[in-house]
Novice: 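Below are the structure tokens for one structure; questions will follow.
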Amino acid sequence: MQDNTMKLDDGRTLGYSVCGEENGIPIMFFHGTPGSRIFGLENGGLFKKYGAFVIAPERPGYGLSDRNPERTIESWATDIGELADHLGFHQFHVAGESGGGPYALACAINLPKRVLSATLIASATPPEALQSLTGMGLGNRIVFFLAMYAPFILRILFADYAHAVRKSPEQFMRNMLSQFCEWDRRIFDGANGTGRTHEIMLHLKEAFRQGGDGAYRDMLLISRPWRLDLSKLAIPV
């Protein structure tokens with residue numbers, strides 16, 4: 001994995017990492033909420049095996065990327081277009097995990113001649129299509145509720161999360177794992193999950209490097225109308 005930064009046209013810094021086969025198929029991978037450029041990149045060997053070159057940019061307020069209070073889901077496509085130009089890619093694929101899903105759709109809609117496909121991995125759902133929070137983990141239900149009805153409390157909550165991650169990432173991780181189902185806890189704690197907990201802790205520390213602003217603004221955008229015209233999707237999703 002390589003950590004990199006670039007200057008966007010508006011002067012902001014965009015942080016990103018690259019991993020996999022350098023001359024392989026370019027895939028822009030968008031992290032979840034909260035997230036950072038290092039999430040999922042433990043799969044570097046797999047990327048190389050299948051000839052993929054994965055670029056993982058951080059949204060504003062996360063990791064190495066400057067904050068942008070005016071950002072929207074749609075504006076992310078502009079940042080990604082500039083990143084692709086910087087890296088010399090005219091066309092590429094996009095993939096978004098969890099809270100990164102809406103941003104993959106934004107790129108697919110707004111960069112139709114450049115984005116070849118969009119992959120959504122356990123993606124967030126447009127709020128108007130979300131009938132119930134039943135089935136979500138308790139933490140997710142809480143932040144969705146606060147984002148919709150009490151955003152000022154959500155800002156405080158994410159600031160508290162950022163402090164807890166910096167002060168004691170191990171305790172924060174234990175609290176998070178306590179909300180997981182038994183099968184997920186096995187993945188992290190069992191023999192097959194060796195090293196996974198440490199990797200997630202590093203990921204969370206980067207996600208909250210600048211405090212809770214990145215996650216706070218992500219949740220506000222995800223929990224309100226996305227303002228994306230899905231009828232304009234003209235590529236495989």
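Worth saying up front: this structure is predicted, and the values here are computed from it rather than measured. Residue numbers start at 1 and run along the sequence shown.
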Novice: Could R71 and D218 be called an ion pair, given the rule that one side-chain N must be under 4.0 Å from one carboxylate O?
Specialist: yes
Novice: Sequence neighbours left out, what passes side-chain hydrogen bond (donor to acceptor under 3.5 Å, both in side chains) with R12? Give chain and number order.
Specialist: D10, D79
Novice: For G15, is there any backbone N or O sitting under 3.5 Å from a side-chain donor or acceptor partner on S65?
Specialist: yes
Novice: Please report the closest heavy-atom contact between G96 and A104, naming both atoms and the distance.
Specialist: N-CB, 3.9 Å
Novice: Looking only at heavy atoms, which two atoms of A118 and I235 are closest? And how far apart?
Specialist: N-CD1, 4.0 Å
Novice: Could you list the cluster mates of L46? Members are the ILVMFWY residues connected by side-chain heavy atoms closer than 4.5 Å, either directly or through other members.
Specialist: Y50
Novice: What closest approach, in Å, do W76 and P57 show between heavy atoms, and which atom pair accounts for it?
Specialist: CZ2-CG, 3.7 Å
Novice: Would a 4.5 Å heavy-atom cut-off, applied to side chains only, mark D229 and K232 as touching?
Specialist: yes
Novice: Would the distance check show the side chain of E97 and the main-chain N or O of L120 forming a donor-acceptor pair, the cut-off being under 3.5 Å?
Specialist: no
Novice: Under a 4.5 Å cut-off applied to non-hydrogen side-chain atoms, are F92 and L111 in contact?
Specialist: yes
Novice: For a 4.5 angstrom cut-off between non-hydrogen side-chain atoms, does F158 reach D213?
Specialist: no
Novice: Cation over ring, R59 on F30, under 6.0 Å and within 45°?
Specialist: no
Novice: Quick one: pull up CZ in F53 and CD1 in I27 and give me the separation to the nearest 0.5 Å.
Specialist: 11.0 Å
Novice: Grouping I, L, V, M, F, W and Y whenever their side-chain heavy atoms are under 4.5 Å apart, do L177 and I142 come out in a common cluster?
Specialist: yes
Novice: Heavy atoms, side chains only, cut-off 4.5 Å: are L157 and Y216 in contact?
Specialist: no
Novice: Where the side chain of E206 meets the backbone of G35, is there a donor-acceptor pair that is under 3.5 Å apart?
Specialist: no
Novice: If Ile, Leu, Val, Met, Phe, Trp and Tyr residues are connected whenever their side-chain heavy atoms lie under 4.5 Å apart, and connections chain through other members, are F29 and I222 in the same group?
Specialist: yes
Novice: Would you give the length of the straight line joining atom CH2 of W226 to atom CG of L105, rounded to the nearest 0.5 angstrom?
Specialist: 6.5 Å
Novice: Quickly, which of H31, R209, R37 forms a side chain to side chain donor-acceptor pair (under 3.5 Å) with E58? Name it, please.
Specialist: R37
Novice: Less than 4.5 Å apart, any side-chain heavy atom of H93 and any of T119?
Specialist: no
Novice: Which heavy atom of V115 sits nearest to which heavy atom of C107, and what is that distance?
Specialist: CG2-O, 3.6 Å
Novice: Is a donor on one side and an acceptor on the other found under 3.5 Å between the side chain of R217 and the backbone of E70?
Specialist: no
Novice: Is there a side-chain contact between I121 and S98 in this structure, where contact means two heavy atoms from C-beta onward sitting under 4.5 Å apart?
Specialist: no
Novice: In terms of hydrophobic clustering (I, L, V, M, F, W, Y; side-chain heavy atoms under 4.5 Å; direct or indirect links), are F89 and L83 co-clustered?
Specialist: yes
Novice: Measure across C19 and G44 and return the closest heavy-atom pair with its distance rounded to 0.1 Å.
Specialist: SG-CA, 3.4 Å
Novice: Check whether any side-chain heavy atom of S223 sits under 4.5 Å from a side-chain heavy atom of F144, and report yes or no.
Specialist: yes
Novice: Does atom NE2 (H86) have a neighbourhood of more than 12 heavy atoms from anything else shown, all under 6.0 Å?
Specialist: yes
Novice: Can you tell me how far the OH atom of Y16 sits from the CG atom of D3, to the nearest 0.5 Å?
Specialist: 10.5 Å
Novice: Compare every heavy atom of P34 with every heavy atom of L204, then report the nearest pair and how far apart it is.
Specialist: CD2-CG, 4.3 Å
Novice: Do Y161 and F208 have side chains that approach each other closer than 4.5 Å (heavy atoms only, starting at C-beta)?
Specialist: yes
Novice: Do M219 and F172 sit in one hydrophobic cluster, given that two such residues count as connected whenever their side-chain heavy atoms are within less than 4.5 Å of each other, even indirectly?
Specialist: yes
Novice: Say you draw a straight line from CG of N4 to OG1 of T13; how long is it, rounded to the nearest 0.5 Å?
Specialist: 12.5 Å
Novice: Quick one: do K48 and E21 make a salt bridge, cutoff under 4.0 Å?
Specialist: no
Novice: How long is the straight-line distance from CG of L116 back to NE2 of H90, given to the nearest 0.5 Å?
Specialist: 9.0 Å
Novice: I'd like to know if the side chain of S178 reaches the main chain of N175, judged simply by a donor and an acceptor atom lying under 3.5 Å from each other, with no hydrogens or angles considered.
Specialist: yes
Novice: Is R227 paired with E74 through a side-chain N to carboxylate O contact shorter than 4.0 Å?
Specialist: no
Novice: Starting at CE of M28, measure out to CD1 of I80 and round the result to the nearest 0.5 Å.
Specialist: 5.5 Å
Novice: Would you call K167-D160 a salt bridge at under 4.0 Å N-O?
Specialist: no
Novice: May I have the step-by-step check of side chain to side chain contact (heavy atoms under 4.5 Å, CB included) for L228 and I73, ending in yes or no?
Specialist: CA-CA 8 Å; L228 298 176; I73 293 176; 3.9 Å; yes
Novice: Do you reckon V94 sits in the same ILVMFWY cluster as L230, going by side-chain contacts under 4.5 Å, direct or chained?
Specialist: yes
